[in-house]
J.: 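Can you read through this structure? Questions will come right after.
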Amino acid sequence: MTTNPVLENDLKATIRTIPDYPKPGIMFRDITTLLGNPRAFRRAIDELVQPWAGSKIDKIAGIEARGFIIGGAVAHQLSAGFVPIRKKGKLPYKSVSVAYSLEYGIDEMEMHDDAVEKGERVILVDDLIATGGTAEGAVKLLRQMGAQVVAACFMVDLPDLGGADKLRKMDVAVRTLMTFEGH
Ligand code: AMP
């Protein structure tokens with residue numbers, strides 16, 4: 001599930017790349033420039049939800065923090081609810097947590113334990129997928145609560161890092177709008 005080359009190039013032109021941020025060797029793909037462009041933001045959200053237009057999606061789960069911005073817009077567009085997946089210790093109510101791998105070490109993410117109901121159809125949203133460690137943790141958390149993870153959507157894919165393939169191996173459909181080579 002990728003998008004057409006003309007649209008991909010138009011959207012890629014709105015992403016700002018910052019070399020060596022936050023550390024040497026990383027090309028940081030900054031989506032704030034896409035979000036700040038009214039046409040690109042609308043177009044990207046329309047394109048992201050296109051496969052599910054008209055189908056029943058109960059909830060959108062967004063990963064802190066850029067996944068909240070994109071996930072909120074996607075939830076509105078699909079008339080779905082929104083569920084925040086946050087870093088440990090940020091949510092006020094009873095939560096469930098899962099450990100996930102980062103480049104160096106592990107961290108934990110959490111979701112309220114009543115945020116999804118058993119059998120609900122959920123789409124996971126974040127800005128970018130790299131190694132897939134973050135998204136894999138979120139899929140596990142949602143499945144642990146009985147949700148049916150229909151798909152995972154990202155504006156940007158870094159295919160060299162294998163994250164999208166990792167999710168596909170977990171039987172999650174993956175939709176991305178743009179790919180960039182390297183890290
Ligand atoms: P990963 O768990 O390796 O798939 O990393 C995904 C998370 O890290 C996402 O929430 C991204 O926002 C962030 N991220 C990882 N690599 C980059 C990058 N090159 N540019 C911008 N954000 C990144």
Side-chain angles (χ1 to χ4, degrees), residues 1-3 8-9 11-37 40-41 44-45 47-48 59-75 82-91 95-111 115 122-144 149 151-183:
M1 280 197 281
T2 43
T3 188
E8 177 174 3
N9 280 334
L11 290 177
K12 279 177 88 164
T14 70
I15 302 270
R16 173 166 56 197
T17 296
I18 302 157
D20 299 321
Y21 181 87
K23 51 186 176 228
I26 303 287
M27 300 287 274
F28 192 85
R29 307 300 178 177
D30 175 18
I31 63 146
T32 65
T33 40
L34 181 154
L35 299 175
N37 177 321
F41 189 18
I45 297 297
E47 198 63 26
L48 217 45
K59 304 267 168 67
I60 303 301
I63 302 175
E64 185 174 5
R66 279 160 285 173
F68 290 179
I69 303 163
I70 300 163
V74 166
F82 180 81
V83 173
I85 295 182
R86 301 206 63 179
K87 284 161 193 143
K88 192 178 168 57
K90 304 263 191 175
L91 288 168
S95 298
V96 283
S97 79
V98 71
Y100 67 104
S101 51
L102 293 167
E103 207 173 342
Y104 302 106
I106 57 166
D107 209 341
E108 270 181 70
M109 69 177 87
E110 295 183 332
M111 186 177 87
V122 176
I123 293 179
L124 179 68
V125 174
D126 202 0
D127 65 327
L128 177 146
I129 182 153
T131 65
T134 312
E136 180 187 29
V139 169
K140 284 185 183 160
L141 202 51
L142 289 162
R143 285 183 171 167
Q144 193 182 313
V149 183
C153 295
F154 308 87
M155 285 194 176
V156 177
D157 182 19
L158 306 184
D160 296 344
L161 297 180
D165 284 340
K166 185 186 279 184
L167 291 188
R168 290 186 186 107
K169 287 200 185 95
M170 296 173 77
D171 283 324
V172 177
V174 179
R175 178 156 177 83
T176 64
L177 302 181
M178 297 161 258
T179 61
F180 287 92
E181 281 177 17
H183 289 223

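In each ligand, atom 1 is the first atom listed, and ligand 1 is the first ligand listed.
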J.: For atom 22 (N) of ligand 1, grab the closest protein heavy atom and report residue, atom and distance to one decimal in Å.
T.: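 That would be F28 CE1, 3.6 Å.
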J.: Which residue supplies the protein heavy atom nearest to atom 19 (N) of ligand 1, what is that atom called, and how far is it?
T.: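 Heavy-atom neighbour on the protein nearest atom 19 (N) of ligand 1: M27 O, 2.9 Å.
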J.: If we only count heavy atoms from C-beta on, is the D126 to I70 side-chain gap below 4.5 Å?
T.: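 With C-beta onward as the side chain, the pair stays apart.
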J.: Give the numbers and elements of all ligand 1 atoms closer than 4.0 Å to a heavy atom of D126.
T.: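 Taking each heavy atom of D126 in turn, ligand 1 has 9 (C), 10 (O) under 4.0 Å.
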J.: Taking the side chain as every heavy atom from C-beta outward, state whether R66 and L128 have any atom pair closer than 4.5 Å.
T.: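 Result no, sub-4.5 Å side-chain heavy-atom pair not found.
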J.: What is the minimum heavy-atom distance between A73 and I45, and which atoms define it?
T.: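 Looking at all heavy atoms of both residues, the shortest contact is CB-CD1, 3.7 Å.
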J.: Is there a heavy atom of G132 sitting under 4.0 angstrom from any atom of ligand 1?
T.: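 Contact present.
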J.: With heavy atoms of L158 as the reference, note each atom of ligand 1 found under 4.0 Å away.
T.: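 Numbered from 1, ligand 1 contributes 19 (N).
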J.: Could you tell me whether ligand 1 has any atom less than 4.0 Å away from a heavy atom of L161?
T.: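 So L161 does not count as touching ligand 1.
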J.: Are I69 and L35 close enough that some pair of their side-chain heavy atoms sits under 4.5 Å apart?
T.: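 I69 vs L35: side chains touch.
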J.: Among all protein heavy atoms, pick the one closest to atom 20 (N) of ligand 1 and tell me residue, atom and distance.
T.: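 Its nearest protein heavy-atom neighbour is R29 N, 3.0 Å.
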J.: If hydrogens are left out, which of L128, I129, T134 has an atom nearest to atom 15 (C) of ligand 1, that is, the closest non-hydrogen atom?
T.: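 Of the listed residues, L128 has the closest heavy atom.
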J.: Which residue and atom name correspond to the protein heavy atom nearest atom 3 (O) of ligand 1, and how close is it?
T.: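 Going by distance alone, atom 3 (O) of ligand 1 is nearest to T131 OG1, 2.5 Å.
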J.: With heavy atoms of R66 as the reference, note each atom of ligand 1 found under 4.0 Å away.
T.: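 Near R66, the atoms of ligand 1 are 12 (O), 22 (N).
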J.: Should R86 and E110 count as side-chain neighbours, where that means a heavy-atom distance under 4.5 Å?
T.: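 R86 does not reach E110 side chain to side chain.
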J.: Find the distance between CD (E8) and CE (M178) and round it off to the nearest 0.5 Å.
T.: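 These two atoms lie 7.5 Å from each other.
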J.: Classify the contact between D127 and ligand 1 as side chain, backbone, both or neither, using a heavy-atom distance cut-off of under 4.0 Å.
T.: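 Only the side chain of D127 comes within reach of ligand 1.
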J.: Is any side-chain heavy atom of R143 less than 4.5 Å from a side-chain heavy atom of V172?
T.: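 Answer yes - side chains close enough.
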J.: Check each heavy atom of D30 against ligand 1 and say whether those closer than 4.0 Å belong to the side chain, the backbone, both or neither.
T.: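 Within the 4.0 Å criterion, D30 makes no contact with ligand 1.
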J.: Protein heavy-atom contact under 4.0 Å for atom 8 (O) of ligand 1?
T.: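 No.
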J.: What donor-acceptor contacts under 3.5 angstrom involve side-chain atoms of residues 154-167, with partners at least two apart or in another chain?
T.:
{"residue": "D160", "atom": "OD2", "partner": "G182", "partner atom": "N", "Å": "2.7"}
{"residue": "D165", "atom": "OD1", "partner": "R168", "partner atom": "NH1", "Å": "3.2"}
{"residue": "K166", "atom": "NZ", "partner": "T131", "partner atom": "O", "Å": "3.2"}

J.: Under 3.5 Å, N or O to N or O, is I26 touching ligand 1 that way?
T.: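 It does not: no N or O of I26 is found under 3.5 Å from an N or O of ligand 1.
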J.: Just distance, no hydrogens or angles: give the donor-acceptor pairs under 3.5 Å from side chains in residues 11-27, sequence neighbours left out.
T.:
{"residue": "K12", "atom": "NZ", "partner": "T179", "partner atom": "O", "Å": "2.7"}
{"residue": "T14", "atom": "OG1", "partner": "L11", "partner atom": "O", "Å": "2.7"}
{"residue": "R16", "atom": "NE", "partner": "D30", "partner atom": "OD2", "Å": "2.9"}
{"residue": "R16", "atom": "NH2", "partner": "D30", "partner atom": "OD2", "Å": "2.9"}
{"residue": "T17", "atom": "OG1", "partner": "R29", "partner atom": "NH1", "Å": "2.7"}
{"residue": "D20", "atom": "OD1", "partner": "G25", "partner atom": "N", "Å": "2.8"}

